[in-house]
Every structure is written in C-alpha cells, then in structure tokens.
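Both backbone and side-chain heavy atoms feed into the values below; hydrogens, waters and symmetry mates do not.
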Amino acid sequence: MVWSTRADLAQAALEEQFWNEHIGLYNIETPCPNGECNTIFHYWWMAHAVDALADGYIRTRNVAYVQRLESLYDGLLKRNGGAFPNELYDDMEWMAIAWLRAYEATGVERFKEAALLLWDDIQTGWNNHMGGGIAWQKSQLDYKNTPANAPAVILAARLYRLFQKEEDLQWALRIYAWQKEKLVDPDSGFVWDGMNRTGDGSIDKDWKFTYCQGVFVGAGVELYKLTKDEAYMLDAIRTAGETKRILTNTATGLFPDEGDGDGGLFKGILVRYLAELALEAPGRSEAEELLLSNANSLWSRARDMERNVFHTDWSSLPSERVTLSTQLSGIMLLERVAALEAVGVVVSQTA
C-alpha cells in the first residue's frame with residue numbers, strides 16, 4: 001500500500017526528528033539542539049500529535065504507538081501542571097477529541113478519563129452572549145468562534161456514539177445549530193471564523209481559514225452518522241465544495257500556505273475531516289480528488305527526502321527548520337489518504 005508506506009516514513013520522522021525524551025513531549029521544531037527551541041508550550045499542537053499517533057496505531061496496530069501515547073500523556077500532564085484543562089476552550093476540545101480517539105483505539109482507561117474531564121470543563125464555555133455558543137477562552141466569554149464550537153460538535157457526537165448519553169447528543173445538536181446559524185454563510189456554506197472578537201458583534205468574514213471549513217465539515221459528517229439526517233451531509237458537501245472554490249489554487253488544486261505557527265496545523269485539520277466525508281460518502285463530493293492531489297504534491301514536491309519532513313507550502317521544498325505543526329499536517333494528510341486507500345476509496349498511485 002503506497003500511502004501506508006509513506007505514512008510510516010512520516011511517522012518515523014516525527015519520532016526521530018521531534019521527540020524529546022527529557023521532557024516527554026515533541027520539540028516544537030527541528031532542528032532543536034538540546035531542546036533550546038521549546039520556549040513556548042504549544043498545548044494544542046500536542047493534542048494533534050496525540051491524534052496523529054492514534055492514526056498510526058489504528059492503521060498498523062504497532063504497539064510502539066501506544067507506548068508513545070502513554071509517554072506523551074505523562075509528559076503533557078507534567079508540563080500542564082498535573083491536569084489537562086487550560087484557559088482555551090478550543091484547545092481543550094482538541095485534546096479531548098484526541099484522547100477519546102486514543103481510548104477507542106487502545107482501550108487505555110486513563111485516555112477516556114482525560115477526555116471526559118475535559119468535556120465537563122468545555123461545557124462551562126456555553127453562555128448566552130451572542131445568542132449562545134461556546135466561548136473561545138475563559139477570560140473572554142463573549143467572543144464566540146468556529147474553532148471553539150465545531151470541534152465541540154465532533155467531540156459531543158463521538159461521546160454519544162461511544163457511551164450513549166442522551167445529553168451528549170443534545171449538546172452536539174444545539175452547538176451545531178448555533179454554529180450554522182451564526183457562523184456559516186447561508187448563501188454559500190463557507191464558514192466564518194468568529195464573532196464579537198472586538199466587542200461590537202461583528203463577524204470576522206475576512207478571515208478565511210482551511211481550519212474552519214474542516215471542522216464544520218467534520219461536525220456535519222458526525223451528526224449524519226448518528227442521525228442519518230441528510231441535511232447534515234448536504235451541509236458538509238456544500239462547505240467542502242466552497243472550500244475548493246475559495247481556498248484552493250485553481251491551477252493546482254492545492255490548499256494554501258497558512259504559515260508555520262498555529263497555521264501550520266490548519267490544513268491538517270481540513271484534510272482530516274475531508275477524509276471523514278470521503279469515507280462516509282464516497283463519490284458525493286470532490287474530497288477524494290482534493291486529498292489525493294494534495295498528497296501527491298506533498299510527497300513529490302514538498303518533502304525533504306532525507307528527513308521526510310515537510311514544507312508549509314505543499315508545492316515546494318522545506319528549509320532546514322520545520323515546525324511540529326507543519327509536520328503534523330503532513331502526517332495527517334498521508335494517514336488519511338492511507339485510510340482511504342485501505343478501503344478502496346482512492347487508488348494507489350505514485351506521483
């Protein structure tokens with residue numbers, strides 16, 4: 001399997017180029033001699049590292065992934081002061097989603113406990129400012145955005161699927177309804193970033209991020225899985241189509257370069273949930289085509305062939321310095337295309 005082999009190489013690079021045994025976390029960039037790069041604790045980057053490791057374990061069943069998840073769990077707890085919650089609701093959602101996936105894949109009980117603890121905290125972010133929605137952070141409860149709401153739908157829906165608590169389904173439905181009403185363009189399905197950031201109720205319509213499209217697509221797919229209500233699937237397909245129209249290069253079909261800080265993760269989030277759409281509804285959107293063209297370009301044009309690390313621009317080679325966020329997005333793309341390859345949704349091919 002072509003894409004599985006490529007995902008293996010990218011995952012090995014994550015281990016070899018980024019893992020720091022002294023702190024039990026990934027370095028935030030490579031090269032990073034003596035861990036000197038770790039001036040900032042990127043909590044939400046580490047959440048996506050958990051998700052990427054879960055991808056690897058689900059695909060291979062290699063126990064090394066479980067061992068790394070266990071050590072990363074310990075490292076995160078230590079670095080975060082002995083507990084998982086923090087001040088940012090979207091960060092906590094990503095951490096909860098990741099540990100829930102890790103629990104479902106491995107059965108390790110403390111992974112589930114982390115997800116449930118975080119979910120309890122996340123629910124406190126819902127309030128009546130701006131007609132509802134989960135706040136972005138605890139110190140700014142009247143600012144609501146897609147990053148704090150669409151992932152919460154994904155989390156609540158998956159919790160309901162696993163544990164059948166009716167209140168989790170109701171949370172998913174309520175948050176999704178607010179998200180669609182407030183932060184999705186009714187004319188096109190394009191997803192806006194947030195509202196009331198500046199305190200005047202305005203919507204940040206000029207912030208056009210792959211991240212926001214991805215999480216809304218993912219939210220729609222998760223609710224479709226649970227309810228079989230076609231409206232959720234149609235929402236996801238519509239947003240995926242508008243993502244292609246607005247955010248891809250018309251000549252190449254590639255997603256944009258969004259930088260190597262937090263933006264380095266944005267495309268990874270998009271491709272993760274485009275793949276969920278393709279797996280649930282193969283042939284009903286252009287998700288498969290988009291994923292395959294981006295993966296081919298990533299591998300053939302944006303990979304350092306010696307280190308198997310990637311550039312933020314999936315059409316050109318990286319420099320010596322590569323951030324963890326960027327590497328994780330590359331891994332997520334390869335892992336998701338490998339998952340599609342495994343079930344025959346995409347055909348194995350070389351670039």
Side-chain angles (χ1 to χ4, degrees), residues 7-8 10-60 62-122 151 155 260-262 264-265 268-269 272 307-309 321-332 335:
D8 281 340
Q11 291 273 15
L14 178 67
E15 183 71 15
E16 295 161 7
Q17 300 288 332
F18 291 90
W19 181 253
N20 186 326
E21 190 67 35
H22 297 294
I23 59 175
L25 300 171
Y26 291 102
N27 289 328
I28 64 172
E29 62 185 53
T30 188
C32 182
N34 302 314
E36 293 172 1
C37 67
N38 296 308
T39 57
I40 299 173
F41 174 38
H42 286 292
Y43 175 104
W44 86 289
W45 295 15
M46 299 299 161
H48 288 283
V50 173
D51 227 352
L53 292 170
D55 286 334
Y57 181 66
I58 291 165
R59 178 174 54 82
T60 67
N62 185 334
V63 71
Y65 286 105
V66 182
Q67 293 167 346
R68 180 56 71 230
L69 283 164
E70 294 272 20
S71 55
L72 183 54
Y73 184 103
D74 293 335
L76 280 165
L77 270 185
K78 181 179 179 180
R79 181 62 180 83
N80 205 51
F84 277 104
N86 76 0
E87 293 299 305
L88 293 160
Y89 287 106
D90 61 335
D91 283 16
M92 291 193 291
E93 288 161 17
W94 287 123
M95 193 66 77
I97 287 169
W99 286 122
L100 188 65
R101 284 190 75 227
Y103 164 72
E104 187 175 7
T106 67
V108 175
E109 194 70 15
R110 64 176 182 161
F111 297 169
K112 178 182 77 172
E113 292 169 359
L116 294 176
L117 175 68
L118 285 162
W119 176 227
D120 285 344
D121 198 323
I122 290 160
L155 174 61
D260 66 359
D262 285 345
L265 269 166
I269 291 166
R272 177 175 295 287
R307 296 183 294 160
N308 287 312
V309 295
R321 174 183 172 274
V322 173
T323 60
L324 176 64
S325 58
T326 301
Q327 184 70 10
L328 290 171
S329 277
I331 290 171
M332 287 189 271
E335 286 285 6

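Pairing each heavy atom of Tyr89 with each of Asp121, the nearest pair is CE2-O, 3.5 Å. Heavy-atom minimum distance, Ala52 versus Arg272: N-NH2, 4.1 Å. Here the shortest heavy-atom pairing between Thr30 and Phe18 reads CG2-CZ, 3.5 Å. In this structure, Pro151 and Ile97 approach most closely via the heavy-atom pair O-CD1, 3.5 Å. The nearest pair of heavy atoms linking Ile58 to Ala105 is CG1-CB, 3.7 Å. Contact record, Ala54 with Arg101: CB-NH1, 3.9 Å, taken as the closest heavy-atom pair.
The backbone N or O of Gly261 lies less than 3.5 Å from no partner atom in the side chain of Thr323, so there is not a single donor-acceptor pair. Using modelled atom types, one side-chain atom of Asn38 and one backbone atom of Ile28 make a donor-acceptor pair closer than 3.5 Å. Here the side chain of Thr326 pairs no donor or acceptor atom with the backbone of Gly264 at under 3.5 angstrom. Remark: side-chain polar atoms of Asn34 are not paired, donor with acceptor, to backbone N or O of Glu36 under 3.5 angstrom. Without hydrogens or angle criteria, Glu16 side chain to Arg307 main chain gives no donor-acceptor distance under 3.5 Å.
Looking only at side-chain heavy atoms (C-beta outward), Leu324 and His48 stay at 4.5 Å or farther from each other. A 4.5 Å side-chain heavy-atom check between Met92 and Tyr43 finds at least one atom pair inside the cut-off. Counting only heavy atoms from C-beta outward, the side chains of Leu69 and Val50 approach each other to under 4.5 Å. Residues Phe41 and Leu76 meet the side-chain proximity criterion, which asks for heavy atoms closer than 4.5 Å. Looking at Leu328 and Leu14, their side chains come closer than 4.5 Å, going by heavy atoms from C-beta outward. Side-chain contact between Asp262 and Ser325: absent, with no pair of heavy atoms (C-beta onward) separated by less than 4.5 Å.
Separating the NE2 atom in His22 from the CG atom in Asn27 is a distance of 9.5 Å, to the nearest 0.5 Å. Atoms CG and CD1, on Leu88 and Ile122 in that order, are 11.5 Å from each other to the nearest 0.5 Å. Considering CE of Met46 and CG of Asp91, their distance stands at 12.0 Å, rounded to 0.5 Å. Atom OG1 of Thr106 sits about 10.0 Å away from atom CD of Glu109, to the nearest 0.5 Å. To the nearest 0.5 Å, atom CD of residue Gln11 and atom CZ of residue Arg68 are 11.5 Å apart. Rounding to the nearest 0.5 Å gives a distance of 11.5 Å between CG of Leu53 and CD of Glu70.
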Mind running side-chain contact (heavy atoms from CB on, under 4.5 Å) on Leu72 and Trp19 for me, showing each step along the way? CA-CA 10 Å; Leu72 183 54; Trp19 181 253; 4.1 Å; yes
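For an aromatic pair to be called close, the ring centres must be under 6.0 Å apart, and Tyr26 with Trp45 fails this. For Phe84 and Tyr73, the ring centers are positioned less than 6.0 Å apart.
Checked against Glu29 for a side chain to side chain donor-acceptor pair (under 3.5 Å), the options Gln327, Gln17, Arg321 give a single hit: Arg321.
Within the structure, every pair that satisfies the salt bridge (Lys or Arg N to Asp or Glu O under 4.0 Å) test and touches residues 73-90, not counting sequence neighbours, is listed here: Asp74-Arg110.
Donor-acceptor pairing under 3.5 Å is lacking for the side chains of Asp51 and Trp94.
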